[in-house]
*Asks:* 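Got a structure here, written out as structure tokens. Questions coming.
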Amino acid sequence: GDALTSRENVSVQVNLTGTGAAIGDRLEISRGGTVSGSLVLASGDITAGTVTVKLDAALNQGANALTTRLTALAGNPSLFSAAGTITLDSLAPDAPTIGLDAASNSGATTDLVTNVLTPTIKGIAEANSVGRLFEGATLLGSATAAPTTGAWAITPASNLAQGLRTIIATATDASGNTSVNSKSLAVTIDNIAPNSPLGAPDLAASSDSGASDSDNITNFTTLDLSGTVEPNAKVSIFKDNVAYGLPVMADANGNWKFVTGTLADATHVFTLEASDLAGNVSTRSAGLSVTVDATAPLAPTGTVVTPDTGVSGSDLITKATVLTVAGSAENGAALVLDYGTGTTTGTASGVGGYSLASGSLKDGSVDLKITVTDLAGNSTTTPVATATVDSVSPTATLASTAPSLGNGAFTVNATFSETVSGLTGSSFTVVNGTLSNFSGSGSSDSFTGTPGAVGRVTGSLASGSVYDIAGNNNLASN
């Protein structure tokens, strides 16, 4: 029969059954017409029915056709037998190629970092050779290369350890020749999720408008988020528990940044997941709650300006040089009272109530404005009132038509620097006489004086007897 060997010097076993061989016959083995080995058959050979003959010369690489012939003691040779072939293959196959199967390369499919603990390694070797996979001296598995393509694939029976694993392959052909080692394949095994649990995303101070750059209340509708995860990890952002935008990559220090799209006014909760190079995914992070408020606050309501002194309590004509503006505005909003010559600041608190006092005001018309700035930094400026400040007391001048000497009734005229209220006949003080027939408008008034006895008649208007529209009391008359 035919045989395959990697040894150049071989012995051939010949079956004597049915050949008529006898003791003393010479058995010859020929290769290419040349006798390559012979022996004289002994009784034991005949009894065994087989005999082994060592060839005198080394086999040639490739197929070696061998024939046998028996020569009897009488010298009569038999015909040569049909040829049997021994194929010599003592050449080692080429080193196989080696690579990580894409299906076992989790994460990026070209980086040789995987979370598969028993990754499939594949390659190309000599057709029908046996591929063997090693990590160091440890055999991980073996497989026979395909008969036409030479393709092979091996999946280790046991989990590979975490970390960098260096793997090589060999190929052994049918003759038992084994190739040199393949190139090393460096595969990193990593099935540990990155940095779990993760910290919540952080809102950049530059995206946090308003009085505080750390309260996560803003009027920006596009936000900058950032954080730190495992170096080179992929960061996926979620908004209100729904995947949001495209993932971003952390740098070599694990720092990442993400810019949102345009957000509507609302409170949004941002979380993240990180996946490492091997494709391991972290648990979901804690949430960052950001309130987006790009709407200007409402104007203040229920505005009251006090004190409103004088004739009317609602005409905003007052003798007060410090006015207080009170009302309601958006809770927590910052307030600025502008009174023309200065400003006063405050905060709407409780249910949004506020009370702001002006500085010292000069006489004249005063426009009062309130600017409301909410926590997100949106502002509304509203004129709330125009007040008239009059802190000057009115004056009174008395004049009489009476002669310096006489005893008859006379007319007294009272002239005021401005219109006053509260003036009656009893407002005047008369010595040695009486007043009657009072008439006038509060700015120019007259009455009749009648002497009471011989002597000097005098009259006066004491301070505080009357008051102007702003509530200022008069000064004493002449």
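For the single chain, residues carry numbers from 1 onward in sequence order.
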*Asks:* Looking at every heavy atom in both Asn105 and Ala108, which two are closest together, and how far apart are they?
*Replies:*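 Where Asn105 meets Ala108 most closely, the heavy atoms are OD1-O, 3.4 Å.
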
*Asks:* How far apart are the C-alpha atoms of Leu263 and Leu223, what are their side-chain angles, what is the distance that settles it, and do they pass the side-chain contact (heavy atoms from CB on, under 4.5 Å) test?
*Replies:* CA-CA 8 Å; Leu263 300 170; Leu223 308 179; 3.6 Å; yes

*Asks:* Between Thr267 and Thr291, is the side chain to side chain donor-acceptor pair (under 3.5 Å) condition met? List the steps.
*Replies:* CA-CA 4 Å; Thr267 296; Thr291 298; 3.1 Å; yes

*Asks:* Any chance the side chains of Ser349 and Thr347 put a donor and an acceptor closer than 3.5 Å?
*Replies:*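 Thr347 and Ser349 do not have a side-chain donor-acceptor pair below 3.5 Å.
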
*Asks:* For Ser90 and Arg7, which I'm curious about, is there any donor-acceptor pair between the side chains at under 3.5 Å?
*Replies:*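 Short answer, no.
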
*Asks:* Could you verify whether a donor N or O on one side chain and an acceptor N or O on the other, from Asp308 and Thr318, lie under 3.5 Å apart?
*Replies:*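 Absent: no donor and acceptor within the cut-off.
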
*Asks:* When you measure from the side chain of Asn473 to the backbone N and O of Tyr467, does any donor-acceptor pair fall under 3.5 Å?
*Replies:*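 Flag not set: sc Asn473 to bb Tyr467 has no pair under 3.5 Å.
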
*Asks:* Working to the nearest 0.5 angstrom, can you tell me the gap between Ser236 OG and Phe238 CZ?
*Replies:*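 So the gap between those two atoms works out to 5.5 Å.
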
*Asks:* Evaluate side chain to side chain donor-acceptor pair (under 3.5 Å) for Thr228 paired with Asn255, printing each intermediate quantity in order.
*Replies:* CA-CA 5 Å; Thr228 303; Asn255 299 316; 3.2 Å; yes

*Asks:* Does a sphere of radius 6.0 Å around NZ in Lys369 hold more than 12 heavy atoms from other residues, nucleotides or ligands, not counting ones at 6.0 Å or beyond?
*Replies:*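 For Lys369, atom NZ is not crowded (no more than 12 foreign heavy atoms under 6.0 Å).
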
*Asks:* I'd like to know if the side chain of Asn177 reaches the main chain of Asp89, judged simply by a donor and an acceptor atom lying under 3.5 Å from each other, with no hydrogens or angles considered.
*Replies:*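 At least one qualifying donor-acceptor pair exists.
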
*Asks:* For the residue pair Ser175 / Ser6, report whether a side-chain donor-acceptor contact shorter than 3.5 Å exists.
*Replies:*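 No, no side-chain donor-acceptor pair sits under 3.5 Å.
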
*Asks:* Can you confirm whether Leu272 sits close enough to Val229 that some side-chain heavy atom of one is under 4.5 Å from a side-chain heavy atom of the other?
*Replies:*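 Yes - at least one pair of side-chain heavy atoms lies under 4.5 Å apart.
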
*Asks:* Checking the side chain of Thr380 only, and the main-chain atoms of Pro297 only, is there a donor and an acceptor separated by less than 3.5 Å?
*Replies:*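 A pair under 3.5 Å: yes.
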
*Asks:* Tell me whether Asp94 at atom CG has more than 12 heavy atoms from other residues, nucleotides or ligands lying less than 6.0 Å away.
*Replies:*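 No.
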
*Asks:* Is there a side-chain contact between Pro201 and Ser226 (heavy atoms, below 4.5 Å)?
*Replies:*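 Answer no - side chains too far apart.
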
*Asks:* Where the side chain of Asn474 meets the backbone of Gly464, is there a donor-acceptor pair that is under 3.5 Å apart?
*Replies:*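 Such a contact is found between Asn474 side chain and Gly464 backbone.
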
*Asks:* Should Ser129 and Trp152 count as side-chain neighbours, where that means a heavy-atom distance under 4.5 Å?
*Replies:*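 When only atoms from C-beta onward are counted, Trp152 and Ser129 do not touch, as no gap falls below 4.5 Å.
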
*Asks:* When the aromatic ring centroids of Phe447 and Phe428 are compared, is their separation below 6.0 Å?
*Replies:*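 Ring centres of Phe428 and Phe447 closer than 6.0 Å.
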
*Asks:* Strictly distance-based, threshold 3.5 Å: is any side-chain N or O of Thr321 a donor or acceptor partner for the main-chain N or O of Ser360?
*Replies:*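 Side chain of Thr321 to backbone of Ser360: no pair is present.
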
*Asks:* Within the 4.5 Å heavy-atom criterion, are Thr345 and Leu335 side-chain neighbours or not?
*Replies:*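 Contact flag for Thr345/Leu335 side chains = no.
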
*Asks:* Where the side chain of Thr448 meets the backbone of Asn437, is there a donor-acceptor pair that is under 3.5 Å apart?
*Replies:*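 Such a contact is absent between Thr448 side chain and Asn437 backbone.
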
*Asks:* Please give me the minimum heavy-atom distance between Met249 and Trp256, naming the atom from each residue.
*Replies:*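 So the minimum-distance heavy-atom pair works out to O-CB, 4.4 Å.
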
*Asks:* Using every non-hydrogen atom in the two residues, find where Asp293 and Asn378 come nearest and quote the distance to one decimal.
*Replies:*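 Smallest interatomic distance, heavy atoms only, reads O-ND2, 2.6 Å.
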
*Asks:* Just do the side chain to side chain donor-acceptor pair (under 3.5 Å) check on Arg165 and Thr188 with the steps written out, would you?
*Replies:* CA-CA 6 Å; Arg165 312 262 61 90; Thr188 298; over 6 Å; no

*Asks:* List the steps and the verdict of side-chain contact (heavy atoms from CB on, under 4.5 Å) for Asp251 and Asn232.
*Replies:* CA-CA 5 Å; Asp251 62 21; Asn232 303 309; 5.8 Å; no

*Asks:* Between Asp276 and Ala233, is there a donor-acceptor pair closer than 3.5 Å when you use the side chain of the first and the backbone of the second?
*Replies:*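 No, the answer is negative, given that no donor and acceptor are paired below the 3.5 Å cut-off.
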
*Asks:* Check each of Ile168, Leu133, Leu140 against Ile121 using the side-chain contact (heavy atoms from CB on, under 4.5 Å) test, and report the only one that passes.
*Replies:*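 For Ile121, the side-chain contact (heavy atoms from CB on, under 4.5 Å) test succeeds with only one of Ile168, Leu133, Leu140, which is Leu133.
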
*Asks:* Check step by step if side-chain contact (heavy atoms from CB on, under 4.5 Å) holds for Phe270 and Val290.
*Replies:* CA-CA 8 Å; Phe270 295 95; Val290 179; 4.3 Å; yes

*Asks:* Hey, does the side chain of Thr114 reach the backbone of Ser104 with a donor-acceptor pair shorter than 3.5 angstrom?
*Replies:*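 Looks like yes, one N/O pair under 3.5 Å.
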
*Asks:* If every non-hydrogen atom of Thr120 is compared with every non-hydrogen atom of Leu100, which pair is closest and at what distance?
*Replies:*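 Result for this residue pair: O-CD1, 3.6 Å.
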
*Asks:* Using the rule given for side chain to side chain donor-acceptor pair (under 3.5 Å), can you reason through Asp367 versus Thr386, listing the C-alpha separation, both sets of side-chain angles and the distance that settles it, and then say yes or no?
*Replies:* CA-CA 4 Å; Asp367 292 327; Thr386 297; 2.9 Å; yes

*Asks:* Is any side-chain heavy atom of Phe438 closer than 4.5 Å to one of Thr424?
*Replies:*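 No - every pair of side-chain heavy atoms lies 4.5 Å or more apart.
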
*Asks:* Give, for atom OG of Ser421 and atom CZ of Phe416, the distance between the pair rounded to the nearest 0.5 Å.
*Replies:*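 Atom-to-atom, Ser421:OG and Phe416:CZ are 10.5 Å apart.
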
*Asks:* A side-chain contact here means heavy atoms from C-beta on lying under 4.5 Å apart; do Glu8 and Leu88 qualify?
*Replies:*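 Heavy-atom side-chain distance check passes, below 4.5 Å.
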
*Asks:* Do the side chain of Tyr244 and the main chain of Gly261 share a donor and acceptor less than 3.5 angstrom apart?
*Replies:*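 Flag set: sc Tyr244 to bb Gly261 pair under 3.5 Å.
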
*Asks:* Quick one: are Ile469 and Asp315 in side-chain contact, heavy atoms under 4.5 Å?
*Replies:*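 Touching, per the 4.5 Å side-chain cut-off.
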
*Asks:* Nearest 0.5 Å, what's the CZ-CD distance between Arg284 and Glu273?
*Replies:*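 CD of Glu273 is found 4.5 Å from CZ of Arg284.
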
*Asks:* Flag yes if more than 12 heavy atoms outside Leu298 fall under 6.0 Å of its CG atom; otherwise flag no.
*Replies:*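 No, the 6.0 Å shell around CG holds no more than 12 heavy atoms from other groups.
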
*Asks:* CG of Asp202 to CG of Asp208: how many Å apart, nearest 0.5 Å?
*Replies:*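 The CG atom of Asp202 sits 9.5 Å away from the CG atom of Asp208.
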
*Asks:* Tell me whether Asn280 contacts the main-chain N or O of Asp190 through its side chain, where contact means a donor paired with an acceptor under 3.5 Å.
*Replies:*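 Answer holds: yes.
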
*Asks:* I need the Gln162 CD to Leu117 CG distance, nearest 0.5 Å.
*Replies:*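 Going from CD on Gln162 over to CG on Leu117, the span is 6.5 Å.
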
*Asks:* Distance from Ser393 atom OG to Asp468 atom CG, nearest 0.5 Å?
*Replies:*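 So the OG of Ser393 and the CG of Asp468 are separated by 7.0 Å.
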
*Asks:* Quick one: do the Thr343 and Asp338 side chains pair a donor with an acceptor below 3.5 Å?
*Replies:*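 No, because no side-chain N or O of Thr343 sits under 3.5 Å from a partner of the opposite role on Asp338.
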
*Asks:* Quick one: do Lys319 and Asp390 make a salt bridge, cutoff under 4.0 Å?
*Replies:*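 No salt bridge links Lys319 with Asp390.
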
*Asks:* Would you check, one step at a time, whether the test side-chain contact (heavy atoms from CB on, under 4.5 Å) holds for Thr324 with Val305?
*Replies:* CA-CA 6 Å; Thr324 297; Val305 179; over 6 Å; no

*Asks:* Shortest non-hydrogen contact from Ala320 to Val389?
*Replies:*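 Minimum heavy-atom contact is O-CG1, 3.5 Å.
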
*Asks:* Decide whether Ser209 and Thr218 meet the rule of one side-chain donor and one side-chain acceptor closer than 3.5 Å.
*Replies:*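 Judged by distance alone, the side chains do pair up.
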
*Asks:* Do the side chains of Val259 and Thr222 get nearer than 4.5 Å, heavy atoms only?
*Replies:*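 They are in side-chain contact.
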
*Asks:* Using every non-hydrogen atom in the two residues, find where Pro300 and Tyr354 come nearest and quote the distance to one decimal.
*Replies:*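 Looking at all heavy atoms of both residues, the shortest contact is CB-OH, 3.6 Å.
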
